[in-house]
Amino acid sequence: MYWHGMLTLGFFFLVSEGKPELGFKEFYAHERLTGYMESHGFVVTRHHLGIETAWKAEFSHGHHNGRIIGLQSEMDALPHLGHACGHNLIAITGVAIALGLQAAMQQHNISGKVILLGTPAEEHGGGKIKLLEKGAYKEMDVCLMAHPGPGAPDGTVIQPWIAVQNIDVEFFGRTAHAAYAPWEGQNALDAAFLAYSAVSVLRQQIKPTHRVQGVMSGNESETNVIPDYAKMRWAVRAPSWTELEVLRERVIACFEGAAKATSCKVKMTPGVGYKDCKQNDVLGAEFLRIAGSRYQMQATPSETVLQASSDFGDISYEIPSIQPVFTIPTEKNGSNHTPAFAESAKTPRAHAASIRTSKALAATGLRVLTDDEFWSKIASSRTSASSSKDLL
Ligand SMILES: *[C@@H]1O[C@H](CO)[C@@H](O)[C@H](O)[C@H]1NC(C)=O
Ligand SMILES: *[C@@H]1O[C@H](CO)[C@@H](O)[C@H](O)[C@H]1NC(C)=O
Ligand SMILES: *[C@@H]1O[C@H](CO)[C@@H](O)[C@H](O)[C@H]1NC(C)=O
Ligand SMILES: [Zn+2]
Ligand SMILES: [Zn+2]
């Protein structure tokens with residue numbers, strides 16, 4: 001009964017046009033989304049748990065023993081690229097699932113609660129991890145969200161996501177005249193280039209599922225001065241946190257070796273780390289069944305690790321969760337984190353794909369609310385534990 005006629009969602013284009021904002025600066029999105037949820041009968045908390053652009057929108061119905069569905073709206077864009085990861089679509093997906101569940105709970109007198117979190121700074125700041133540490137996820141029984149990506153039309157896939165650890169690396173040397181007395185210097189830029197080369201060589205000896213990527217920043221060097229400082233930012237990725245820790249040590253050895261070879265000092269500062277995303281098997285199978293059978297999506301499970309990371313990983317370690325990827329039409333070579341993807345994420349077809357995915361996720365959430373047997377399977381199910389895979 002709960003399928004019937006309950007997911008008539010308004011079609012809306014909130015935050016989708018115009019104003020991409022960087023992590024922890026999603027002020028416009030915060031205002032628009034909280035206002036919208038409030039006008040639809042949700043109890044809204046702005047600046048949730050002291051994080052300026054985080055927010056919460058809650059809706060409860062019926063008795064107080066109902067289960068609690070957690071949802072998320074991401075909002076942040078990428079520097080210089082706009083919504084090149086389509087988080088504008090993730091924002092409206094959270095809203096759409098929440099409204100779909102609300103409509104069904106009201107029409108069919110279903111008890112339960114929906115908590116939609118506005119989660120800032122996915123790309124770099126780990127907004128969800130900050131919210132997790134402050135207790136924002138404590139009440140939730142399950143947690144659902146979706147992410148857009150390229151691929152065949154109307155597709156959706158559930159697969160594990162790779163873990164990531166960011167590391168800032170600084171090399172400190174000593175300046176000298178580059179022609180008159182270069183032997184007096186310690187060349188920090190050389191250290192950085194050796195580190196870059198050492199990691200490039202290491203890459204051949206790591207698994208194809210692992211990733212290491214580094215960029216240079218730091219001082220404006222001059223050709224007549226031996227550079228005394230160089231700064232790099234690195235990201236180390238592996239399918240599980242345990243494997244990541246092993247790879248991280250090998251990468252750190254490259255930085256230390258480069259420092260030793262150049263008589264420089266190295267300082268390494270760990271940045272945000274995101275755990276791998278564990279997709280709950282029971283929730284995942286049900287979502288794919290619904291997406292395929294009711295919404296004509298090409299729904300595929302996959303064991304292959306998705307080469308992308310999310311702060312949702314840390315949530316998935318705590319609560320039975322899924323984050324399917326749904327496809328939107330893209331240009332050739334126009335995947336996530338390109339200007340072309342930002343254009344694709346604005347299109348009506350991308351919005352239609354988001355709404356369709358939202359309906360399938362809302363129906364999955366509804367099953368959690370209404371079906372005790374289904375719920376007990378989730379509660380006792382193990383997530384597809386990528387972290388238990390062999391290390392070497
Ligand atoms: C809705 O369900 C509650 C129990 O959860 C019940 O007490 C109430 O009478 C129901 N309302 C209607 C209109 O059926
Ligand atoms: C490079 O930057 C570091 C850190 O900001 C600073 O200590 C150092 O003096 C700078 N060196 C040059 C040559 O500008
Ligand atoms: C896509 O990238 C490949 C490899 O760089 C290039 O050869 C090709 O021309 C690109 N196609 C388009 C449409 O940009
Ligand atoms: Zn991204
Ligand atoms: Zn993203």
Side-chain angles (χ1 to χ4, degrees), residues 15-16 19-26 29 33 53-54 71-97 117-131 143-152 155-166 211 213 215 233-237 271-277 279 305-316 321-347 350-351 353-354 357-358 361:
V15 266
S16 285
K19 290 206 186 220
E21 300 166 298
L22 297 183
F24 295 123
K25 300 201 160 63
E26 306 94 333
L33 291 162
T53 54
L71 306 170
Q72 283 150 131
S73 286
E74 290 178 5
M75 300 167 283
D76 59 322
L78 285 155
H80 316 300
L81 291 172
H83 274 305
C85 208
H87 294 184
N88 57 318
L89 299 174
I90 300 180
I92 65 164
T93 301
V95 169
I97 302 167
L117 295 178
T119 59
E122 189 282 327
E123 292 290 355
H124 275 300
K128 293 187 195 67
I129 299 169
K130 289 190 163 53
L131 284 165
C143 198
L144 312 173
M145 69 174 291
H147 200 296
T156 183
V157 62
I158 295 203
Q159 58 191 133
W161 289 40
I162 196 168
V164 66
Q165 167 83 67
N166 290 291
R211 295 284 188 275
Q213 158 71 356
V215 293
R233 303 191 69 188
W234 287 89
V236 179
R237 301 185 201 238
V272 169
Y274 293 172
K275 295 206 173 89
D276 49 298
C277 290
Q279 308 276 5
V305 175
L306 179 70
Q307 292 294 339
S309 313
S310 169
D311 56 0
F312 191 56
D314 289 61
I315 309 307
S316 77
S321 303
I322 47 172
Q323 177 171 213
V325 170
F326 61 96
T327 60
I328 63 171
T330 52
E331 287 172 31
K332 201 159 181 4
N333 298 342
S335 297
N336 302 56
H337 294 199
T338 64
F341 195 87
E343 291 304 312
S344 302
K346 287 181 189 166
T347 59
H351 285 73
S354 307
T357 307
S358 303
L361 275 171

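Atoms within a ligand are numbered from 1 in the order they appear, just like the ligands themselves. The analysis underlying the following values was restricted to heavy atoms, covering all of them including side chains, and did not include hydrogens, waters or symmetry mates.
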Looking at atom 13 (C) of ligand 3, what's its closest protein heavy atom, distance included? K332 CB, 3.8 Å
Could you tell me whether the side chain of Q279 and the main chain of P160 form a donor-acceptor pair under 3.5 Å? no
For the 3.5 Å polar cut-off, considering only N or O atoms, please tell me whether N333 and ligand 3 meet it. yes
Closer than 3.5 angstrom, by distance alone: can the side chain of T327 be matched with the main-chain N or O of A152 as a donor-acceptor pair? yes
Can you tell me the angle formed at the Zn ion (ligand 4) by OE2 of E123 and NE2 of H337, to 10°? 100°
Any non-hydrogen protein atom below 4.0 Å of atom 10 (C) of ligand 3? yes
Heavy-atom donor-acceptor pair, D311 side chain to I129 backbone, under 3.5 Å: no
Before moving on, can you tell me the angle at the Zn ion (ligand 5) between the NE2 atom of H147 and the SG atom of C85, to the nearest 10 degrees? 100°
How about atom 5 (O) of ligand 3: does it have a protein heavy atom within less than 4.0 Å? no
Tell me whether E74 contacts the main-chain N or O of E122 through its side chain, where contact means a donor paired with an acceptor under 3.5 Å. no
Any donor-acceptor N/O pair, E26 side chain to A121 backbone, under 3.5 Å: yes
